[in-house]
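The structure appears right after this line, and notes come after that.
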Amino acid sequence: DLFCQKLPKLELHAHLNGSVSQKTIRKLSELNNKNFNDELSRIDSSVSLKECFKIFDIVHSVTNTTEALFITTCDVINEFNDDNVIYLELRSTPRYVEGKMTKNEYIDTIIKAIEHSKKTTPGITVKLLVSVNRKNGFKDAEENIKLAIEYYKKYPECVVGIDLSGDPTQGDACLNLLKSARDFGLKIAAHCAEVPNEKEVMDILEFKPDRLGHCTNIHPNLSGTLKLFNKLIESKIPVELCLTSNLKCETVPSLSEHQFSYLYQANHPLCLATDDKGVFNTTLSQEYKLAADTFNLTKEDLKKLVRSSVEFAFISQQEKEKLLATIDNKLTIIK
Ligand code: 5GP
């Protein structure tokens with residue numbers, strides 16, 4: 001849909017390695033003289049949350065050098081730029097690959113690619129959230145949070161927050177560690193309620209992250225979660241919603257039952273996002289189109305959705321005002 005494509009958009013929930021397109025994987029395979037066709041066919045047939053996590057392992061196996069990571073990051077930024085995303089927060093888990101790269105080199109490479117994009121695609125502003133993969137345990141989480149603080153001090157213009165993600169059926173939410181990062185000024189985006197876990201969800205809501213991801217198991221019609229739903233509404237914490245991702249991972253039964261409609265009706269702060277545009281074969285424009293078609297949103301509603309997302313970006317008030325002015329300027333010329 002042309003309108004959704006032209007709409008100037010903000011992407012606030014995108015995992016770097018989940019956003020890698022098949023085109024980039026092919027490019028990397030040519031550079032390495034390696035054939036990734038098997039890997040690509042497995043990506044095409046992805047279903048269920050568990051399967052998705054296997055696919056991330058596949059993508060990781062092709063982005064395991066600083067060269068590949070640099071190319072990947074540049075391509076992902078370019079593709080979001082082509083989709084008229086004017087503000088992008090990428091999130092990624094620092095990775096140590098024996099003999100190939102350290103976690104510091106991992107983050108340095110992404111920052112280098114973001115710097116590079118300022119020259120090649122000046123129309124998109126890109127920030128980085130350092131991810132913690134809950135599956136990897138306490139020591140790894142502690143290391144990543146230390147790195148996030150180190151890079152936040154060094155590059156406050158670029159590294160703005162922490163993302164808690166990874167297989168939600170494993171590990172824990174490391175809230176004490178997240179608190180230490182927040183005390184330094186980093187913003188926190190936490191995946192929340194991707195699987196039923198009342199105690200943990202309650203703890204996360206009480207911790208009050210700056211944004212929440214998914215919240216699929218906080219739903220007025222799901223048995224036992226009305227209490228959580230009311231608590232979420234009361235908290236006013238913005239929620240990042242990823243329709244295609246939830247549908248493909250089967251964490252929601254259908255789009256019409258998606259929590260979007262309940263949160264939207266309650267006037268809860270929310271934004272649309274792709275999650276993993278490569279793995280789920282989507283774009284942010286498609287997510288807007290899907291929301292418009294499923295929930296009967298008008299063009300004015302979509303414009304409002306974009307404008308309200310600015311408030312949830314991990315940037316200063318001054319940057320928000322500038323972004324809003326850019327959006328309003330662009331909105332006057334699209335029909
Ligand atoms: P990376 O951090 O390597 O750049 O991106 C891939 C990683 O993002 C995955 O290994 C996983 O930890 C996280 N991730 C991507 N999509 C999801 C999702 O839908 N839910 C959760 N909990 N984690 C995700």
Side-chain angles (χ1 to χ4, degrees), residues 11-21 24-25 43 46-66 68-73 75-77 80 88-97 101 103 106-107 109-111 113-114 126 128-137 140-141 144 147-148 159 161-174 189-197 200-201 204 209 211-217 239-252 273-282 287:
E11 170 62 80
L12 302 181
H13 188 130
H15 298 269
L16 177 60
N17 281 279
S19 302
V20 186
S21 63
T24 300
I25 296 184
I43 291 177
S46 78
V47 275
S48 88
L49 194 60
K50 270 262 170 283
E51 277 296 312
C52 291
F53 286 100
K54 287 190 201 141
I55 290 163
F56 298 128
D57 293 341
I58 298 170
V59 181
H60 286 157
S61 73
V62 303
T63 61
N64 63 0
T65 64
T66 52
L69 186 65
F70 183 80
I71 293 172
T72 296
T73 311
D75 281 7
V76 167
I77 294 172
F80 275 114
L88 165 66
E89 284 179 16
L90 280 176
R91 47 185 80 189
S92 196
T93 325
R95 222 178 329 138
Y96 163 75
V97 186
M101 64 182 163
K103 284 188 178 183
Y106 185 93
I107 304 178
T109 302
I110 297 176
I111 293 176
I114 293 175
V126 187
L128 178 65
L129 311 189
V130 175
S131 299
V132 168
N133 185 339
R134 52 184 295 156
K135 184 186 150 196
N136 295 346
D140 181 80
N144 291 7
L147 281 169
V159 178
I162 290 185
D163 153 58
L164 169 72
S165 55
D167 190 340
T169 63
Q170 308 203 29
D172 72 52
C174 328
H191 283 59
C192 181
E194 290 176 277
V195 294
N197 187 343
E200 184 183 276
V201 173
I204 293 177
R211 291 197 311 254
L212 296 167
H214 301 298
C215 297
T216 35
N217 284 277
V239 183
E240 308 145 355
L241 296 171
C242 312
L243 302 178
T244 302
S245 161
N246 295 160
L247 202 63
K248 290 202 173 170
C249 287
E250 298 170 347
T251 50
V252 293
T274 53
D275 203 7
D276 301 287
K277 73 172 183 58
V279 172
F280 301 126
N281 193 17
T282 188
E287 297 303 303

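When a ligand or atom number is given, it counts from 1 through the structure's own listing order. Nothing here was measured: the structure is a model prediction, and the numbers come from that model.
Residue Phe56 holds the heavy atom nearest to atom 9 (C) of ligand 1 of all those in Phe280, Tyr106, Phe56.
Not one N or O on the side chain of Glu250 forms a donor-acceptor pair closer than 3.5 Å with the backbone of Val252. Using modelled atom types, one side-chain atom of Arg211 and one backbone atom of Leu12 make a donor-acceptor pair closer than 3.5 Å. Using modelled atom types, no side-chain atom of Asn217 and backbone atom of Asn197 make a donor-acceptor pair closer than 3.5 Å. For the pair Thr216 (side chain) and Ala193 (backbone), a donor-acceptor distance under 3.5 Å is present. A donor-acceptor pair under 3.5 Å is absent between the side-chain atoms of Arg91 and the main chain of Ser165, judged by distance alone. Between the Glu194 side chain and the His214 main chain, no donor and acceptor come within less than 3.5 Å of each other. Distance alone, capped at 3.5 Å, is enough to place a donor-acceptor pair between the Glu287 side chain and the Thr244 backbone. Between the side chain of Asp276 and the main chain of Ser19, no donor-acceptor pair closer than 3.5 Å is present. Using a distance-only test at 3.5 Å, with no hydrogens or angles considered, a donor-acceptor pair links the side chain of Arg134 to the main chain of Gly171.
Scanning all protein heavy atoms for the shortest distance to atom 12 (O) of ligand 1 gives Gly166 CA, 3.3 Å. Closest protein heavy atom to atom 8 (O) of ligand 1: His15 ND1, 3.0 Å. In this structure, atom 2 (O) of ligand 1 lies nearest to the protein heavy atom Thr93 OG1, 2.5 Å. Protein heavy atom closest to atom 11 (C) of ligand 1, with residue, atom name and distance, is Phe53 CE2, 3.9 Å. Among all non-hydrogen protein atoms, the one lying nearest atom 18 (C) of ligand 1 is Glu194 OE2, 3.6 Å. Summary of contacts: the protein heavy atom closest to atom 1 (P) of ligand 1 is Asn17 ND2, 3.5 Å. Shortest contact from atom 19 (O) of ligand 1 to any protein heavy atom: Asp275 OD2, 3.0 Å.
Every atom of ligand 1 is numbered from 1 in the order shown, and the set under 4.0 Å from a heavy atom of Ser92 is 1 (P), 2 (O), 4 (O). Annotation for ligand 1: atoms under 4.0 Å from non-hydrogen atoms of Asn133 are 12 (O). Those atoms of ligand 1 that come under 4.0 Å of a heavy atom in Leu16, given as number and element, are 4 (O). Within ligand 1, the atoms closer than 4.0 Å to a non-hydrogen atom of Asp276 are 15 (C), 16 (N), 17 (C), numbered from 1 in the order shown.
Ligand 1 lies less than 4.0 angstrom from a heavy atom belonging to His60. Taking a 4.0 Å cut-off on heavy atoms, His214 registers as neighbouring ligand 1.
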